[in-house]
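To start, the structure itself, in structure tokens.
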Amino acid sequence: MDAIFKGMRWLGLDWDEGPLSASDPNAHSGDHGPYFQMQRLDGYRAAADRLIAEGKAYPCYCTAEEVDAMREKALKEKRNPRYDGTCRRLTEAQRRERAAQGRTASVRFSAPPEGSVEFDDLIRGPMKFDNEQIEDFILLKTSGVPTYNFACVVDDHAMEITHVIRGDDHLSNTPRQVLAYRALGWTPPVFAHLSMILGADGSRLSKRHGATSVEEYRQAGYLPEAVLNYLALLGWATSDSQDIFGKEELVAKFDVGRCSKSPAVFDPNKLIWMNGEYLRKMPAKELAVRARPFVASAGLLDDAGLAARAAELEVAVAMEQEKVKLLTDVPKRIDIFFKDVAYDPEAVEKVLKKPDAAAVLEDAIKTFQALEPFTAASTEEACKALAARRGVKNGAVFHPVRVAVSGRTQGPSLFHMLELLGKQKSLERIQKTLQTFFKNAG
RNA sequence: GGCCCCAUCGUCUAGCGGCCUAGGACGCUGCCCUCUCAAGGCAGAGAUCACGGGUUCGAAUCCCGUUGGGGCCA
């Protein structure tokens, strides 16, 4: 339950009625509490007693075993399994007799035998269910705890709920609830039944499909605004199929009536894409701030380092911003600036083993040593000049330098990377590469 | 077993009787851009609108049935 509160807050969703945390029952907003079912037992009891007094419900003394037997018998005889109404026909004297025997009673609703229940669903339109299908369902269990169908009626009325928006697995329960509202003399709220979210295999989304709590998405490097945006679009769309929405825009444009009636398959790919969209559009400064926890947990920088090298971090982040799809990608891409080079064997093989790689690097060292200032522009110019001097293509210089300085074939723009590293560190790294892979050189 | 809901590219969807030889997005393919990887731009493949009957001059859109999927009673 706490995960729900945390998840809602993380997504930027708030509520004006209900508890604010699972641990502190006194912290709440709204004044229709208490908000925990076990603290509302009296209310359910009172509503049930009133229905009994008005002849709209009755105490049922049947045990679970007896009801099960009834169900099995019905099934065997190919009839609908349902409560046969034994206790409904009990006289007052018979009731007292059973109570005297020490049998505890549950409370059953006296469902109307004929007619139908109709209501308008905001998403599905006019709904009609035959009462014949509805059995005398239980309102209160023998323990005094209400069943879902009764609790939600009593609670929603007490809390002045106007709209009930929930999964369509509750659609078949709705007629029971409407019947209960009417029996109690209350006006039912407006209902809207949302389609369910399915996993890639077409079954209900569950643990088998990976992350199930919002918290896991946070840890995986998703942005709350992207998750909110993606979720809103699962089962809902505007007439122009717009796909990126800010929260305010979502609030303004959302329309329950436009929600889809058919279930939607959760597509992790599209969520990742969307997360990338948000990451790319964000100011680099903000990205750097949001990436801090991930940079820290990846072990690149501790708190002190984060504080001392904030500016550097921001520049590094800006360099790789367009490639980042998850916040967890940030440390993976900028680690080259904050820790020693880890040479990628493939990069070494592909680039450094080229015949004149060592010579190019030695040349680069000489060039860089004399270079002042050491900027993206100056290094680029210098490297191009070097290539021309050696009579090779730019790539024959750029690539070895890149691998020497970062250990990889992929990464930020080479010259911006050099500038951020600085002249000294760049030279050291090239030097070290030479020593590591070309021992007899240098 | 009964009842209920749903059905457009692989996925999310637009569509609510003629604008549809079905539009957008993700993903996929190719090209361009380019110091790498991306991003971006352009192009392309991908849906006989689950199937079968109707209604209509005309149906993805309305009606009926079938099939498939999901749900509730549990």
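We name chains A, B, ... by the order of the sequence lines, and we start the count at 1 in each one. Small disclaimer: the values here were computed from a predicted structure and weren't measured.
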Using whole Å, what does the distance between atom P of nucleotide B/C12 and atom CG of A/L271 come to? 14 Å

So does A/R258 pair up with A/D255, basic N to acidic O under 4.0 Å? no

Could you identify the nucleotide paired to B/C72, looking across every strand shown and requiring Watson-Crick or G-U wobble geometry with both distances under 3.5 Å? B/G2

Considering just the side-chain nitrogens and oxygens of A/R71, establish if one lies under 4.0 Å of OP1 or OP2 belonging to B/A74. yes

Between B/A45 and B/U61, how many Å separate the two C1' atoms, rounded to a whole number? 27 Å

Contact class for A/S413 vs. all strands (heavy atom < 4.0 Å): base, sugar-phosphate, or nothing? base

Contact class for A/G276 (heavy atom, under 4.0 Å): base, sugar-phosphate, or nothing? nothing

On the ring face of A/Y278, is A/K281 found with NZ or CZ under 6.0 Å from the centre and within 45° of the axis? yes

Distance between C1' atoms of B/G52 and B/C57 (Å, rounded): 23 Å

Rounded to whole angstrom units, what separation is found between the CG atom of A/N275 and the P atom of B/A25? 20 Å

Within the structure shown, what part of the strands sits under 4.0 Å from A/Q242 by heavy-atom distance: base, sugar-phosphate, or nothing? nothing

Which of these nucleotides, B/A25, B/C73, B/G71, is closest to any side-chain atom of A/K270? B/A25

Find the distance A/K323:NZ to B/G40:P and express it as a whole number of Å. 14 Å

Is it possible for you to check whether A/R95 lies under 6.0 Å from the centre of the six-membered ring of A/Y61, through NZ or CZ, and within 45° of that ring's axis? no

Look at the side-chain N and O atoms of A/R280 and state whether any lies under 4.0 Å from the OP1 or OP2 oxygen of B/G40. yes

For B/G52, which nucleotide in any strand shown is its Watson-Crick or wobble partner with both distances under 3.5 Å? B/C64

Whole angstrom value for the distance that separates C1' of B/A39 from CG of A/L287: 14 Å

Of all heavy-atom pairs between A/P400 and A/G395, which one has the smallest distance, and what is that distance? CD-O, 3.7 Å

Rounding to an integer number of Å, can you tell me how far A/L414 CG sits from B/A38 P? 17 Å

Over how many whole Å does the gap from A/D267 atom CG to B/U11 atom C1' extend? 5 Å

